[in-house]
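To start, the structure itself, in structure tokens.
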Amino acid sequence: MKIIGTGSAVPEFTVTNQMLEQFLDTSDEWITERTGIKTRQLMTTERLDDLGVLAAQRALESAGLKPTDIDMIVLSNVINEYMTPSLSSLIQGRIGATCPCLDVNAACAGFIYALDVAEAMLKNGHERILVMAVEAPTLMVDWKARETCVLFGDGAGAVVVTQGDNLKAMRLTTVSKPKPLFGYLAVSKTPWDQKTEPDYYLKMEGREVFRIAVNSSLKDIKSVLATCQLQPDQVDHYLLHQANLRIMDSIRKTLDVAPEKFPHNIEKRGNTSSASVAILLDEMNREGKIKQGDKLVLSAFGAGFCTAACLIEW
Ligand code: ACO
């Protein structure tokens with residue numbers, strides 16, 4: 001594949017750490033030190049498909065394509081306001097595309113999984129695919145639970161991919177291990193259901209997730225580097241899932257590469273789940289920070305545990 005356009009969108013409303021201090025037993029100092037997050041954007045008047053539509057339109061515009069030029073949408077999402085239909089099918093109609101649509105859920109690693117699905121579809125004859133990650137993790141946290149709700153923000157990122165040879169390596173892994181990171185959805189109960197009502201909202205053992213994230217991301221990154229016979233410092237940009245600045249720092253220090261090679265926007269955006277890598281990619285692209293021929297490593301990890309990394313030449 002080759003990426004020929006990028007786009008992203010975040011909600012208009014920005015929540016600062018100080019705003020969280022007003023109703024949670026937390027502090028700007030704690031959140032900044034432990035995570036690097038200063039602000040995040042939350043949906044107020046928007047719905048998630050509104051953000052998806054904007055990101056898709058911006059990606060198409062940057063690729064110089066019309067919605068009807070797209071012959072598939074592959075969209076990563078964990079949670080949105082609709083149980084059905086799929087988020088990709090909602091966005092397809094609103095942007096005026098007519099192609100088949102598919103949602104995938106690989107938690108925070110989903111954007112890279114979606115890229116891999118798109119790569120397979122390109123090999124299968126598709127020509128131009130819109131790959132998206134559209135996420136509202138703020139819908140799944142308990143807004144009284146300071147250990148999780150301060151971490152997240154909403155947003156959408158998109159790329160248009162076409163036939164090409166710029167995806168140089170891909171590694172996906174899933175290790176079934178739900179306990180440190182899971183969330184029950186509130187669903188209908190039949191009159192005969194005898195299970196006790198679970199505790200809804202996202203549950204996370206932060207330290208365990210931290211440890212798994214660092215180890216798995218390092219393994220994935222080393223694997224794609226080995227496939228391409230590259231040393232860590234031969235990569236121009238490492239775009240990691242924006243979950244925690246300390247996780248990124250720990251990975252960077254182990255790889256022994258310069259901080260400039262680990263761009264981040266977590267301080268502004270919080271953790272936008274699988275959209276984080278896609279939004280960061282678009283922001284860097286629009287700021288002209290990625291040059292033709294640059295080597296990018298994308299790496300993400302999330303519930304499952306699902307992890308993924310890929311190496312792309314720009
Ligand atoms: N404000 C103030 N204090 C808090 C807060 C808060 N928002 N949250 C927790 N604390 C307290 C805890 O209660 C605890 O208090 P205690 O010592 O009295 O028990 C103390 O701070 C330390 O808590 P820890 O959980 O040990 O703090 P830690 O340094 O591990 O940081 C964090 C927590 C930020 C969640 C970290 O573990 C982390 O980032 N883990 C990985 C999370 C992650 O990557 N998630 C991504 C996957 S999820 C997804 O992307 C959908």
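Computation of the quantities below employed the complete heavy-atom set of this structure, encompassing side-chain atoms and omitting hydrogens, waters and symmetry-equivalent molecules.
Using a 4.5 Å cut-off between side-chain heavy atoms of Ile, Leu, Val, Met, Phe, Trp and Tyr, with links allowed through other members, Leu48 and Leu130 fall into the same hydrophobic cluster. When the side chains of ILVMFWY residues are joined at heavy-atom separations under 4.5 Å, either directly or via intervening members, Trp314 and Leu239 end up in a single hydrophobic cluster. Cluster membership check: Val150 shares its hydrophobic cluster with Ile247, using side-chain heavy-atom separations under 4.5 Å among Ile, Leu, Val, Met, Phe, Trp and Tyr. Under the 4.5 Å side-chain contact rule for hydrophobic residues, Phe23 and Tyr201 do not share a cluster. Both Leu296 and Phe111 are part of a single hydrophobic cluster, where members link through side-chain heavy atoms under 4.5 Å apart.
You'll find the side chain of Arg269 reaches within 4.5 Å of the side chain of Val10, heavy atoms only. Residues Asp69 and Val160 have side chains not in contact (no heavy-atom distance under 4.5 Å, counting atoms from C-beta outward).
For Phe182, the ring-ring contact (aromatic ring centres under 6.0 Å, His included) criterion is met by Tyr184, not counting sequence neighbours. Not counting sequence neighbours, the partners of Phe301 by the ring-ring contact (aromatic ring centres under 6.0 Å, His included) test are His241.
Between the side chain of Asp282 and the backbone N or O of Gly157 there is no donor-acceptor pair closer than 3.5 Å. No donor-acceptor distance shorter than 3.5 angstrom exists from the side chain of Asn77 to the backbone of Glu135, with no hydrogens or angles considered. Of the possible donor and acceptor atoms, none in the side chain of Glu21 sits under 3.5 Å from a partner among the backbone N and O of Thr26. Although no hydrogens or angles enter the test, the distance criterion places no donor-acceptor pair under 3.5 Å between the side chain of Ser250 and the main chain of Arg246. In this structure a side-chain-to-backbone donor-acceptor pair under 3.5 Å is present from Asp50 to Arg47. A donor-acceptor distance shorter than 3.5 angstrom exists from the side chain of Lys261 to the backbone of Asp233, with no hydrogens or angles considered.
The 12-atom threshold is exceeded at CD of Glu197, counting heavy atoms of other residues, nucleotides or ligands nearer than 6.0 Å.
Side-chain contact check for Ser299 and Ser217: at least one donor-acceptor pair (N or O, by modelled atom type) lies under 3.5 Å. In this model, no donor atom of one side chain and acceptor atom of the other lie less than 3.5 Å apart for Gln41 and Asp154.
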*Check step by step if salt bridge (Lys or Arg N to Asp or Glu O under 4.0 Å) holds for Asp165 and Lys2.*
CA-CA 6 Å; Asp165 183 28; Lys2 180 180 182 195; over 6 Å; no
*Would Lys289 and Glu260 count as a salt bridge (Lys or Arg N to Asp or Glu O under 4.0 Å) if you check the C-alpha gap in whole Å, the side-chain angles of each, and the deciding distance to 0.1 Å?*
CA-CA 11 Å; Lys289 291 185 175 155; Glu260 312 80 81; over 6 Å; no
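Here the CG-CE distance, from Leu185 to Met140, works out to 11.0 Å after rounding to the nearest 0.5 Å.
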